[in-house]
Amino acid sequence: MKGAIQSLGETIAVAERAGIDPAPVVELLTSTLFPGPVYSAYGDLIAERRYRPAGFTTVLGRKNLHLALDAAANVGASLPFGEVLRDVLDEAISQGRSLDDWACIAELRR
């Protein structure tokens, strides 16, 4: 799910910088390549910059990611993308977005 949020955020950032309305981009992605509730729900939140009330806060996302990284370390596995997401979530939290929906990480790329 975190990967979906990050990829949507990056896609929307590029679209916006190109002068493209993000709503139709989300509609195109979620009706063709990435159908399903994760992409459509989070895509809408990101396109509309609607992060409150949070369905799942950035702090909770960071806590769960920390648990996954610890579990992987305990069995000798690594989660390289998880480590990248940890940095992204830490950046969002340091910018005062602790209580925002974790989809707010998209704002870091805008």
Side-chain angles (χ1 to χ4, degrees):
M1 195 162 9
K2 295 175 208 85
I5 293 169
Q6 182 68 19
S7 64
L8 281 165
E10 291 175 7
T11 301
I12 289 170
V14 170
E16 286 179 334
R17 289 179 189 198
I20 300 169
D21 179 10
V25 172
V26 171
E27 175 62 29
L28 175 68
L29 291 174
T30 59
S31 66
T32 57
L33 296 173
F34 306 109
V38 171
Y39 281 95
S40 60
Y42 283 109
D44 289 343
L45 291 178
I46 294 167
E48 297 168 12
R49 290 185 154 136
R50 185 172 30 101
Y51 307 118
R52 288 197 185 186
F56 198 77
T57 67
T58 305
V59 169
L60 288 175
R62 175 61 173 87
K63 179 186 87 47
N64 282 1
L65 179 59
H66 181 71
L67 293 172
L69 289 169
D70 284 349
N74 286 338
V75 297
S78 67
L79 300 176
F81 191 62
E83 293 171 13
V84 169
L85 286 171
R86 177 190 55 212
D87 294 343
V88 170
L89 289 166
D90 285 346
E91 184 180 351
I93 290 166
S94 74
Q95 291 183 8
R97 295 186 166 276
S98 299
L99 300 178
D100 286 354
D101 192 280
W102 63 346
C104 75
I105 64 172
E107 294 301 313
L108 303 176
R109 303 301 152 237
R110 285 181 152 151

Please assess R52 against D100 for the test salt bridge (Lys or Arg N to Asp or Glu O under 4.0 Å), listing each intermediate value before the final yes or no. CA-CA 6 Å; R52 288 197 185 186; D100 286 354; 2.5 Å; yes

Of the options T11, I12, V88, which is the one that meets R109 in a side-chain contact (heavy atoms from CB on, under 4.5 Å)?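 That would be V88.
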
For the residue pair [X] and [Y], what are the closest heavy atoms and their distance?
| X | Y | result |
| --- | --- | --- |
| L65 | R86 | CD2-N, 3.2 Å |
| A54 | T57 | CB-CG2, 3.8 Å |
| G9 | I46 | N-CD1, 4.1 Å |
| T32 | L28 | OG1-O, 2.5 Å |
| I105 | A92 | CG2-CB, 4.2 Å |
| Y42 | A103 | CD2-CB, 3.6 Å |

Residues clustered with V14, ILVMFWY side-chain links under 4.5 angstrom: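 Its cluster partners, ordered by chain and number, are none at all.
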
Single-linkage hydrophobic cluster, 4.5 Å side-chain cutoff, [X] and [Y] together:
| X | Y | result |
| --- | --- | --- |
| I5 | F81 | yes |
| I93 | L69 | no |
| L89 | L108 | yes |

Side-chain heavy-atom pair [X], [Y] within 4.5 angstrom cut-off:
| X | Y | answer |
| --- | --- | --- |
| E107 | Q95 | no |
| L85 | R62 | no |
| D101 | L45 | yes |

Is the side chain of T58 donor-acceptor paired with the backbone N or O of R97 at a distance under 3.5 Å, no angle test?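 Looks like yes, one N/O pair under 3.5 Å.
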
Give the intermediate values and the outcome of side-chain contact (heavy atoms from CB on, under 4.5 Å) for residues N64 and L67. CA-CA 5 Å; N64 282 1; L67 293 172; 4.1 Å; yes

Partners of Y51 by ring-ring contact (aromatic ring centres under 6.0 Å, His included), sequence neighbours excluded? none

Start with the C-alpha gap between V59 and L99, add the side-chain angles, then the distance that decides, and say whether side-chain contact (heavy atoms from CB on, under 4.5 Å) holds. CA-CA 7 Å; V59 169; L99 300 178; 5.7 Å; no

Ring-plane angle category for Y39 and F34, please: parallel below 30°, perpendicular beyond 60°, tilted otherwise.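 If you compare the ring of Y39 with that of F34, the planes turn out parallel.
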
